[in-house]
Protein chains: 2
Amino acid sequence: MTFSDDDIVKLCKEHGLRLTGPRKVIMQVLAESEDHPDAVELHRRVTKISPGVALATVYRTLALLEEKGVLERHQFGDGRARFESADQEHHDHLINVETGDVIEFRSDEIERLQEEIARQHGFDIVSHKLEIYVKPRKKRRKKAT
Amino acid sequence: MTFSDDDIVKLCKEHGLRLTGPRKVIMQVLAESEDHPDAVELHRRVTKISPGVALATVYRTLALLEEKGVLERHQFGDGRARFESADQEHHDHLINVETGDVIEFRSDEIERLQEEIARQHGFDIVSHKLEIYVKPRKKRRKKAT
DNA sequence: TTATTTGCAAACAATTTGCTCAGAG
DNA sequence: CTCTGAGCAAATTGTTTGCAAATAA
């Protein structure tokens, strides 16, 4: 995540949230996550540090942080919602369908074209998401499968 | 939808599906739908014509048609999956967040850039989705609203 | 103190599945 | 007649909520 371990106190104060034990751990785990964990995975990591924390608390905290604009919620093909820090430059995602890995990328060109399209239709963009589901390129040459 | 009312027999035969009463109705309703209905909404429309049809059957038929490549499944922000015919030229969606309306658009330029990005990362595109969430542009100038 | 926050269990919404019977081919 | 498909209800999955007890400020 983009916010650091030290930002946690600041983040809570800033948004009028009480700095509770569970929140501290949840945000710490978020801060250390390089991937895009879903609520259940996050809960798994959190309870490794602090076994008492309920899944419901994780959900409530995630919802809260999203609402405050700290996190962004994504819905990649599978059912669950996945989260990442919102305070970074906007980017889109490549999802490797074979491994589930998520790769971030950014294309100013595409961003620009989107603006243009929205404008042409008489709209302003609120948000947008571009997900490219991919699989490793097969080198062809020699025998195929 | 793109496939016509008459294609139904053909579609079933083509894919080795039995042309049953429920399927006939479900596909007919799909054929007549101009929007992107979810399973429950579809079921609502279907039971208006043929009250006995179970929701499970709608789900099974949708899954089947998706698997056969007849339909495309979308996940716009809200939980449920929404469907549209797949046998049309690929396009993306503008979603009006104020009304929920979905507008289709296509940008060859964006399609090309996506290919390029995937290739640069060493992947082939399996599928992709671009959703732009928008709201009507406010004309500033004179009084608004 | 006292308004938030938590844990727990029950509630939910969307979708899937097991099973037995009906009906298409 | 045979095997696919349907209906129904129960099961799953991911997420939310009610409520009494715990706790940050």
Side-chain angles (χ1 to χ4, degrees), chain A residues 8-29 36-68 70-83 100, chain B residues 8-30 36-47 49-68 70-83 100:
Chain A
I8 295 177
V9 186
K10 198 185 311 168
L11 269 177
C12 282
K13 196 155 294 181
E14 223 165 81
H15 295 289
L17 304 178
R18 290 191 177 173
L19 186 51
T20 69
R23 277 183 193 159
K24 242 178 287 189
V25 182
I26 294 170
M27 295 177 76
Q28 179 202 324
V29 172
H36 303 68
D38 61 85
V40 175
E41 170 58 25
L42 201 55
H43 180 242
R44 226 188 316 272
R45 298 181 193 176
V46 164
T47 48
K48 206 165 288 174
I49 300 176
S50 187
V53 178
L55 177 57
T57 303
V58 171
Y59 273 109
R60 280 191 275 236
T61 304
L62 287 172
L64 214 48
L65 293 177
E66 187 199 2
E67 175 187 317
K68 299 296 184 186
V70 178
L71 294 182
E72 232 169 73
R73 172 190 304 261
H74 295 288
Q75 287 270 286
F76 303 138
D78 46 17
R80 52 239 133 106
R82 305 172 70 178
F83 297 83
Chain B
I8 295 176
V9 187
K10 199 184 311 168
L11 271 176
C12 282
K13 195 155 296 181
E14 221 163 84
H15 296 288
L17 305 178
R18 290 193 177 170
L19 185 51
T20 69
R23 277 183 191 160
K24 240 178 286 187
V25 182
I26 293 169
M27 297 180 75
Q28 179 202 327
V29 171
L30 277 172
H36 302 68
D38 62 85
V40 176
E41 170 58 25
L42 200 56
H43 181 241
R44 225 188 316 273
R45 298 182 193 175
V46 165
T47 49
I49 300 177
S50 188
V53 178
L55 178 54
T57 302
V58 171
Y59 274 108
R60 279 192 273 237
T61 304
L62 286 172
L64 213 49
L65 293 178
E66 187 199 2
E67 176 187 317
K68 299 296 184 186
V70 179
L71 295 182
E72 231 169 75
R73 173 191 303 262
H74 295 288
Q75 287 269 283
F76 302 137
D78 46 17
R80 51 236 135 105
R82 304 172 70 180
F83 296 83

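In this text, all values refer to a predicted model and were calculated from it rather than measured experimentally. Quick note on labels: first sequence line is chain A, next is B, and so on, each numbered from 1.
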Contact class for Arg18(B) (heavy atom, under 4.0 Å): base, sugar-phosphate, or nothing?
-> base
Out of [options], which has the shortest distance to the side chain of [X]?
X        : options                  : answer
Arg23(B) : dG5(D), dG7(C), dG7(D)   : dG5(D)
Leu17(B) : dG7(C), dT16(D), dG5(D)  : dG5(D)
Ala81(B) : dT5(C), dA24(C), dT15(C) : dT15(C)
Val53(A) : dG7(C), dG14(D), dG5(D)  : dG7(C)
Arg60(A) : dC8(C), dG25(C), dG7(D)  : dC8(C)

Between Thr20(B) and Tyr59(A), which has a closest nucleotide on DNA chain D that is more 5'?
->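 Closest to the 5' end, via its nearest nucleotide, is Thr20(B).
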On DNA chain D, more 5' by nearest nucleotide between Phe83(A) and Thr61(B) is Thr61(B)
Rounded to whole angstroms, how far apart are [atom1] on [X] and [atom2] on [N]?
X        : N       : atom1 : atom2 : answer
Leu19(B) : dA22(C) : CG    : P     : 21 Å
Leu62(B) : dT17(C) : CG    : C1'   : 16 Å
His43(A) : dC8(C)  : NE2   : C1'   : 12 Å
Leu55(B) : dA13(C) : CG    : P     : 14 Å
Leu42(A) : dT15(D) : CG    : P     : 12 Å
Gln75(B) : dA13(C) : CD    : P     : 17 Å
His15(A) : dT5(C)  : NE2   : P     : 13 Å
Lys24(B) : dG23(C) : NZ    : C1'   : 12 Å

For Arg18(A), does its backbone N or O pair with a side-chain atom of Arg23(A) as donor and acceptor, under 3.5 Å?
-> yes
For Arg44(B), does its backbone N or O pair with a side-chain atom of Thr47(B) as donor and acceptor, under 3.5 Å?
-> yes
Quick one: which of Arg82(B), Arg80(B), Arg45(B) gives a salt bridge (charged side-chain N to carboxylate O under 4.0 Å, His left out) with Asp38(B)?
->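 Result: among Arg82(B), Arg80(B), Arg45(B), Arg80(B) is the only option passing the salt bridge (charged side-chain N to carboxylate O under 4.0 Å, His left out) with Asp38(B).
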Pairwise distance CD(Glu72(B)) to CZ(Phe83(B)) - rounded to 0.5 angstrom | 11.0 Å
How long is the span from the CG atom in Leu17(A) to the CD1 atom in Ile8(A), to the nearest 0.5 Å?
->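 Nearest 0.5 Å value for the CG-CD1 distance: 12.5 Å.
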If you find the nucleotide of DNA chain C closest to Gly21(B) and the one closest to Arg82(B), which residue's nucleotide is nearer the 5' end?
-> Arg82(B)
Nearest-nucleotide check on DNA chain C, Leu64(A) vs Val40(B); residue mapping nearer the 5' end is Leu64(A)
